[in-house]
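Below, chains carry the letters A, B, ... as their sequence lines are ordered, and counting in each starts from 1. Treat the numbers as computed from the prediction; the structure is a model and nothing was measured.
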Number of protein chains: 2
Amino acid sequence: MRWSEIDTVPCPVAQAMSVIGDAWTMLIVRDALRGSTRFDEFQRSTRASRAVVAERLTRLVHHGVMERKQYEAHPPRHEYQLTARGRALQPVLMVMAHWSETQLPKPTRSTGRRHTTCGHAFAPVVTCSDCGEPVTHETITYDRPRGSAGRA
Amino acid sequence: MRWSEIDTVPCPVAQAMSVIGDAWTMLIVRDALRGSTRFDEFQRSTRASRAVVAERLTRLVHHGVMERKQYEAHPPRHEYQLTARGRALQPVLMVMAHWSETQLPKPTRSTGRRHTTCGHAFAPVVTCSDCGEPVTHETITYDRPRGSAGRA
DNA sequence: ACGGTTAGTTCAGATACTGAACTTACACCG
DNA sequence: CGGTGTAAGTTCAGTATCTGAACTAACCGT
């Protein structure tokens, strides 16, 4: 199966992969969540090749994660902004960064994440929308126990 | 910059990418979280080429996400099991699947996720470990506002 | 006129992926 | 005994993708 056909798999994880299943794409989204909007900004920060940055930005726009806007007419200049769909990736990146910080051996500079509601540094905790209690690997089941297409 | 050098970037997202920043790897982890352990099981479900499945499994073992265990001596047969580090990816996949289900247009079969603590189907909500309130893109700040290396 | 900025595109050479066949080592069946 | 099946890979030729560097276009400031 080709990369380009992943989007035909009826699984939410595979669908997500068809949009953000690439390291450079994720780094671009990370930068966008931090406030980057310009092509060169993405290129310098990710250090991906210019061709890859251009291709990934086009793909993100195509999937409705980012919007390409002209901010200057002469000369024509564009910038990339996250859409609501793109901003909704924030929890994904945050939980991923937390996994990295707590599970991987190599030290990374702390992200210094702070919750403005309470003012504290914090760890993201995934909870149940119904009862509010934390969700762990052990307290989850799936309705169709062993279906054909994957899910997580 | 090469893919193989991502792990030198001192950013937790980049570090995560160096381990799971690949679509096939994520699908393998998804299957493992569902209970798959065998090479052929991963290959059939992901439909990646056998060479890629072998390479990705080796990489996951190398990064301590999975363990390779011999479960039969004659003929030698191995299986792959998630380590604690691998099981800790469950929230990442779950939040990602939720993003996919709520944000992407293409319909995917519902994952039918159920919380055994309360017995209900649920959506994962990322909350603050300190105050317990939901965390959104708007209620987060970062201590070093515009550092050199990325974070999210 | 000269250099700088922004957003790309182009290209040759290197790297990675695909699909299929092949391998090893056994088990089961008649 | 020979054939088929299973499990976990490996190998290979052809194809696709990525890298790094240079180049383009259209302006600005001095």
Side-chain angles (χ1 to χ4, degrees), chain A residues 1-9 14 17-28 31-32 35-62 65-82, chain B residues 1-9 14 17-28 31-32 35-62 65-82:
Chain A
M1 190 191 228
R2 307 260 167 68
W3 219 99
S4 54
E5 300 166 44
I6 289 190
D7 64 342
T8 61
V9 180
M17 286 305 100
S18 77
V19 179
I20 52 168
D22 169 87
W24 303 127
T25 301
M26 282 299 228
L27 296 186
I28 287 172
D31 289 343
S36 297
T37 57
R38 306 293 180 76
F39 183 94
D40 276 21
E41 220 170 345
F42 292 121
Q43 202 268 318
R44 266 194 304 274
S45 176
T46 61
R47 283 186 271 166
S49 76
R50 303 182 71 77
V52 164
V53 173
E55 200 272 332
R56 298 301 194 275
L57 284 171
T58 302
R59 175 185 282 270
L60 285 169
V61 169
H62 177 252
V65 172
M66 298 191 96
E67 266 178 320
R68 188 172 183 264
K69 285 187 181 168
Q70 194 168 61
Y71 67 92
E72 195 183 279
H74 298 288
R77 289 282 182 271
H78 300 94
E79 64 178 2
Y80 295 87
Q81 288 177 3
L82 287 170
Chain B
M1 190 190 229
R2 306 257 167 70
W3 220 96
S4 54
E5 301 167 45
I6 289 190
D7 64 343
T8 62
V9 179
M17 287 304 99
S18 76
V19 180
I20 52 167
D22 170 88
W24 302 128
T25 301
M26 282 300 229
L27 296 185
I28 288 172
D31 289 343
S36 297
T37 57
R38 307 294 180 76
F39 183 94
D40 275 20
E41 220 170 345
F42 292 121
Q43 202 268 316
R44 265 194 305 276
S45 175
T46 62
R47 283 186 270 169
S49 76
R50 302 183 72 77
V52 165
V53 173
E55 200 272 333
R56 297 299 194 277
L57 284 172
T58 302
R59 174 185 283 270
L60 285 170
V61 169
H62 177 253
V65 172
M66 298 191 96
E67 265 178 320
R68 188 173 184 264
K69 284 187 182 168
Q70 194 168 61
Y71 67 91
E72 195 182 277
H74 298 287
R77 289 281 184 271
H78 301 93
E79 64 178 2
Y80 295 87
Q81 288 177 5
L82 287 171

Which residues pass the side-chain hydrogen bond (donor to acceptor under 3.5 Å, both in side chains) test with B:Arg47, not counting sequence neighbours? none

Listed partners of A:Asp40 passing side-chain hydrogen bond (donor to acceptor under 3.5 Å, both in side chains), at least two apart: A:Arg50

To the nearest angstrom, the CZ-P distance between B:Arg59 and D:dG9 comes to 17 Å

Can you list everything that forms a salt bridge (charged side-chain N to carboxylate O under 4.0 Å, His left out) with B:Glu55? Sequence neighbours excluded, please. B:Arg59

In B/S/- notation, 5' to 3', how is nucleotides 5-19 of chain C contacted by protein heavy atoms closer than 4.0 Å? BBBBB-------SBB

Checking B:Arg68 now: which residues fulfil side-chain hydrogen bond (donor to acceptor under 3.5 Å, both in side chains) with it, not counting sequence neighbours? B:His78, B:Tyr80

Of all residues at least two apart in sequence or in a different chain, which pass the side-chain hydrogen bond (donor to acceptor under 3.5 Å, both in side chains) check with B:Glu5? none

